[in-house]
Novice: 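Take a look at this one; I'll ask things after.
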2 protein chains.
Amino acid sequence: MTTPMLTKNQSLVFDVLTKAEAPLSAYTILDKLRDQGFRAPLQVYRALDKLLEYGVVHRLESINSFVVCAHPHEDCHSHGLVAFAICESCGQVIEFHDHEVDHRLMDSLKSQKFKAEKSTIEIRGHCANCAA
Amino acid sequence: MTTPMLTKNQSLVFDVLTKAEAPLSAYTILDKLRDQGFRAPLQVYRALDKLLEYGVVHRLESINSFVVCAHPHEDCHSHGLVAFAICESCGQVIEFHDHEVDHRLMDSLKSQKFKAEKSTIEIRGHCANCAA
DNA sequence: TCGCACACGTTATAGCATAACGCAATTGAT
DNA sequence: ATCAATTGCGTTATGCTATAACGTGTGCGA
């Protein structure tokens, strides 16, 4: 999917996420955009929905937060699974793609005749800097 | 971890989850236990916390729900990653363990000096019965 | 110019999770 | 025996996450 021109709200949300050093929750984004006129959660969620659809933002299910895609020039949707390592100390996220893991998981599922559509792979722990 | 004797509330919650054919949210569990005297979410969440700690229940982050462990006699904590295939149509969950995926993911992370602690692998799609 | 699609704004509500208080039962060390 | 620590429990209140439902405006093709 190619990313169309972003609307004003989408750009604002995208910019906030781009500048953030860690994933942000929708409500944190809302707070950061109050000065720009944001008043309600839906303004954020609607923008996020589009950004997710375009593949330029990822949702981290395990922490109810959002990050910009680390590989904006590739197409995350197209090269299979995306995985995230999330540091519980500093919040930093490492995004990575692994076709081996991808294939292996898909094979497991195919043998059960399960049709995969969306995937969530999130590993929580501590990054190199934060590891005790 | 060996599972100690469950308390009354823990047993009630565990039984509800065991009888369910699909993952349940905490509030759904609460509703099912009102007749047994449950009145507040915390009664459910506290029981769930312990059941998760004992490894007899899993939390599905992507759908904010809980399921009993499908392999109660092994120790889910001990044999690495647990993965779930969740049918978006009927809700059924297939729990599986794959050491290959496990090792592969851990190797990727180790190369970045990331110390993994908890993992979430959830694939949403359609099971054999529900696939169009 | 009509109809449609889409973005947007607002209010209200639904759904998920935990903080903080107090009480009761258990255990185990002194 | 008793005191302190721990654990489970109940209750009230609150906070965080997400969406429903309504209406407005704008652009664009039939």
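Heavy atoms only: backbone and side chains are in, while hydrogens, waters and symmetry mates are out. To find a chain, count down the sequence lines: A is the first, B the second, and so on, and within it residues start at 1.
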Novice: Name the residue closer to the 5' end of DNA chain C, choosing between B/Leu42 and B/Ile63 according to the nucleotide with the nearest heavy atom.
Specialist: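 It is B/Ile63, whose closest nucleotide lies nearer the 5' terminus.
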
Novice: Do B/Asp98 and A/Ser108 have side-chain N/O donor and acceptor atoms under 3.5 Å apart?
Specialist: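 Yes, A/Ser108 and B/Asp98 have a side-chain donor paired with an acceptor closer than 3.5 Å.
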
Novice: Can you name the residues that form a ring-ring contact (aromatic ring centres under 6.0 Å, His included) with B/Phe96, not counting sequence neighbours?
Specialist: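 B/Phe96: no ring-ring contact (aromatic ring centres under 6.0 Å, His included) contacts found.
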
Novice: Could you list where the contact with chain A starts and ends along DNA chain C, reading 5' to 3', using a 4.0 Å heavy-atom cut-off?
Specialist: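 Going 5' to 3' along DNA chain C, contacts run C/dA7 to C/dT11.
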
Novice: Starting from the C-alpha separation in whole Å, work towards a yes-or-no answer on side-chain contact (heavy atoms from CB on, under 4.5 Å) for A/Val13 and A/Leu51.
Specialist: CA-CA 9 Å; A/Val13 169; A/Leu51 296 171; 3.8 Å; yes

Novice: Provide the start and end nucleotides, 5' to 3', of the part of DNA chain D that has atoms under 4.0 Å from heavy atoms of chain A.
Specialist: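 Footprint of chain A along DNA chain D, 5' to 3': D/dT17 to D/dA21.
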
Novice: Of the residues in residues 24-41 of chain A, which ones touch DNA chain D at a heavy-atom distance under 4.0 Å?
Specialist: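 Of all residues in residues 24-41 of chain A, the ones placing a heavy atom under 4.0 Å from DNA chain D are A/Ser25, A/Tyr27.
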
Novice: B/Phe84: which residues meet the ring-ring contact (aromatic ring centres under 6.0 Å, His included) condition with it, sequence neighbours left out?
Specialist: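 In terms of ring-ring contact (aromatic ring centres under 6.0 Å, His included), with neighbours along the sequence ignored, B/Phe84 is linked to B/His58.
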
Novice: Taking the side chain as everything from C-beta on, heavy atoms only, tell me whether B/Leu52 gets closer than 4.5 Å to B/Arg59.
Specialist: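 B/Leu52 reaches B/Arg59 side chain to side chain.
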
Novice: Can any side-chain N or O of B/Gln43 pair as donor or acceptor with the backbone N or O of B/Ala40 at less than 3.5 Å?
Specialist: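 Side chain of B/Gln43 to backbone of B/Ala40, a donor-acceptor pair under 3.5 Å: yes, one is there.
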
Novice: Salt bridge check: are B/Glu61 and A/Arg124 linked by an N-O gap of less than 4.0 Å?
Specialist: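 Yes, this pair counts.
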
Novice: Could you tell me which residues satisfy side-chain hydrogen bond (donor to acceptor under 3.5 Å, both in side chains) with B/Glu117, sequence neighbours excluded, listed by chain and number?
Specialist: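 With neighbours one apart ignored, the set is A/His126.
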
Novice: Test side-chain contact (heavy atoms from CB on, under 4.5 Å) on A/Leu105 and B/Ile123 and set out the steps.
Specialist: CA-CA 9 Å; A/Leu105 269 177; B/Ile123 316 295; 4.3 Å; yes

Novice: Less than 4.0 Å between a side-chain N and a carboxylate O, is that true for A/Asp107 and A/Arg104?
Specialist: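 So A/Arg104 does not pair with A/Asp107 through a salt bridge.
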
Novice: Where each residue is assigned the nucleotide of DNA chain D containing its nearest heavy atom, which of B/Asn64 and B/Arg46 is assigned the position nearer the 5′ end?
Specialist: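 Taking each residue's closest nucleotide, the earlier one in sequence belongs to B/Arg46.
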
